[in-house]
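Following: one structure in structure tokens, then a few remarks.
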There are 2 protein chains.
Amino acid sequence: MNMRDIARRAGVSSATVSRVINGSPLVREKTAARVRKILEDVKFIPNPSATTLKYGRSKTYGLVIPDITNPFYAEFLGIFEELMTEIDHEVLVTVSESPEKLEKNVRRMLMRQVDGVVFMGSEFDTEKVDALFRHRIPLVTVDRRVAEEGCSDVAVDFNAGYLEAVRHLCLLGHQRLGFIGGIEGLKTSADRLKAFRKAVEAADLVYREELVTGGDYRIAGGEQALFTLMKSRIKPTAILTANDMTAFGAVRGLHRLGLSVPGDVSVIGLDDVLMAEVLQPALTTIRIPRRRLADECLKALNYTKEDVDRKGRCFTVKPELKVRESTGPVGVAKRSKRV
Amino acid sequence: MNMRDIARRAGVSSATVSRVINGSPLVREKTAARVRKILEDVKFIPNPSATTLKYGRSKTYGLVIPDITNPFYAEFLGIFEELMTEIDHEVLVTVSESPEKLEKNVRRMLMRQVDGVVFMGSEFDTEKVDALFRHRIPLVTVDRRVAEEGCSDVAVDFNAGYLEAVRHLCLLGHQRLGFIGGIEGLKTSADRLKAFRKAVEAADLVYREELVTGGDYRIAGGEQALFTLMKSRIKPTAILTANDMTAFGAVRGLHRLGLSVPGDVSVIGLDDVLMAEVLQPALTTIRIPRRRLADECLKALNYTKEDVDRKGRCFTVKPELKVRESTGPVGVAKRSKRV
DNA sequence: CTGTTAGCGCTTTCAA
DNA sequence: TTGAAAGCGCTAACAG
């Protein structure tokens, strides 16, 4: 069933059917109504590959995420997909844990003629991604904080986030703040660490190297890092982390060590994954508003699309502290909390 | 850059280029080599919408999941996508929390000319899905336990799973087993409940209505259900659940009531989501092997594809109990576990 | 072994 | 206000 079939039934040409479907004003209302009636009767479904073939536009955006297993990305994907569906676009989801996969996925996206690509978290390996630039695909990176020709960026304001978190801890009397960062060598890890340091110094606390260590954005790494941290001479009374998974690992590690949260040590995450509310204790965390992030990605995409030869723009999303149960006043270890 | 361009450079026709790309033996090796060289030099990327347009096959499969927020589906999606990428196919992911979305998503899949669709968990609303049958798209449902013309099914053997779980609890001395099921009215919820009941009776325990209640496959529902359960006259010493999210909710509820897991009550989940290992205490759960599930879905898809007019087949996946920390001997409430 | 060609469904230009 | 026709890139049937 295609436009020609519809056209035949309506006694018009396929051009007219196309015009009706696309809401062109160049069709007499009476004709349009007749065509629309038939369109509905037969439940016509247009075939976008014809359009894609003709114009090279596919109405699909690529989304690159590093790890679908991390609920933050899964939740973001859900919202992004919803947003794109609203504006009548598809999403080509692409999980790129490794550079090899990234390279393959870039090819997949090029084949499918994506109209733009959003890169999340995965390090932006310019060499692997070069083909997208060459094909002049509008690009958006998240948290890279760099705009270039044909590529905009949407960044979470980690500075604001960690600042709010540190303030919260200060009010609770904490002075020795630990930090479990992300994978070393990733730019976003360095950014998060810098933001933490800035926040510590802004609160007139001393920043101590030995209270800082790296994780892997996953639970296992967070737990390992926690053990490292708690072996040091000076122990933190509160720990900030690079993301919620890391925080979950830290909490688990503390429990394993027989320490209570927040009685012995307070913990703050980043992301505000659904699970954060659920863990025992519910995790205090710096929430990244996913819907706003998705909205900004779309804006950034559109901005880049307007003119691919122009330098992109940097967009920012402000996070917000969600205070829950994993933070409390310093030095109030309630032993045997569970009756 | 298309096949004609390549052909020109190689001094052959585009048909020959096509043959080389598709590995046809009807090309002299010398010619093929020349063409391949150029293909690589210019990093040729074929345009599948042309093929899709010509043959109505898109090399993409639709995947319908009810809730991307549930890590089980997110994790499955990751594996399914990987599997499909291996066989050079795309996945059109579709989140269908509501019948309206399902209907829209069916349309999206039809437009994109999917070669088949896998339906997970979402109730299979024949009316909304009818269009796929009419268009003769190969279908696979998960856990519907029904095969029909053009539609196969892959089911998890809940009977085996709950049986193993109940046996494990019996060995620990439990006799009063509670059950928190899924959303009432869904077939899969009824199936899980039936499997639980069967397992209880197979273990020569009494099945008691008042130890059974429904949840919503989410944490909140699991917690609510737990409260209901613990209000009843006879209280369970162990609780089985319809999935891990429900189990997480139950564990949280027990903690809120000041009860310890497994000291006061043992809890068993179903799915074996990544988080299950991480929660305090680590969740004993009936693992659904995701890779095998994905493999069976592909098999089922292929079986249905072989002949869409034939009745589909029912495939089964056996789950397996992962014993962790949330189950323990009955009546050994260790108070003040945390030092 | 290789080339020519038709046609998949759609949109848009041009002509009427 | 409508229609005719070209062409997007690819592949299979057919001709050589």
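Below, chain A is the first sequence line, B the second, and so on; all start at residue 1.
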| said: Salt bridge or not between A:D143 and A:R145? Use side-chain N to carboxylate O under 4.0 Å. | reply: yes

| task | Going by the side-chain contact (heavy atoms from CB on, under 4.5 Å) test, name the single residue among A:T52, A:D115, A:V114 that passes it with A:T60. | result | A:V114

| query | Hey, what's the ring geometry for A:F119 with A:F124, parallel, tilted or perpendicular (30° and 60° as the breaks)? | reply | perpendicular

| Pair A:R9 + A:D5: basic N to acidic O under 4.0 Å | no

| request: Determine the contact category for B:T31: base if any of its heavy atoms lies under 4.0 Å from a base atom, sugar-phosphate if only primed atoms, P, OP1 or OP2 are that close, otherwise nothing. | output: sugar-phosphate

| message | Using whole Å, what does the distance between atom P of nucleotide D:dT11 and atom CG of B:L26 come to? | response | 14 Å

| field | Qualifying residues under salt bridge (charged side-chain N to carboxylate O under 4.0 Å, His left out), relative to A:R218, sequence neighbours excluded | value | A:D67

Please tabulate, one pair per line, each protein N/O and nucleotide N/O from nucleotides 13-16 of chain D that are separated by under 3.5 Å, including the distance.
none

| field | Partner residues of A:R292 under the salt bridge (charged side-chain N to carboxylate O under 4.0 Å, His left out) criterion, sequence neighbours left out | value | none

| When you list every nucleotide of DNA chain C with an atom under 4.0 Å from a heavy atom of chain B, which one comes first 5' to 3', and which comes last? | C:dC1 to C:dG9

| request: Please identify each residue that fulfils salt bridge (charged side-chain N to carboxylate O under 4.0 Å, His left out) with A:R310, with sequence neighbours left out. | output: A:E306

| note | Scanning both residues in full, the closest heavy-atom pair of A:R19 with A:V27 reads CB-CG2, 3.6 Å

| query | So, B:K104 and A:E86, do they make that salt bridge, N to O below 4.0 Å? | reply | no

| task | With DNA chain C as reference, determine whether B:P25 or A:R57 sits nearer its 5' end, using the nearest nucleotide of each. | result | B:P25

Using nucleotides 6-10 of chain D, report all nitrogen or oxygen pairs with the protein that are shorter than 3.5 Å.
residue, atom, partner, partner atom, Å
D:dG7, N2, A:K54, NZ, 2.5
D:dG7, N3, A:K54, NZ, 3.2
D:dC8, O2, A:K54, N, 3.4
D:dG9, OP2, B:N2, ND2, 3.1
D:dG9, N2, B:A50, O, 3.1
D:dC10, OP1, B:N47, N, 3.2
D:dC10, OP2, B:M3, N, 2.6
D:dC10, O3', B:T51, OG1, 3.3

| Is A:D295 paired with A:R291 through a side-chain N to carboxylate O contact shorter than 4.0 Å? | yes

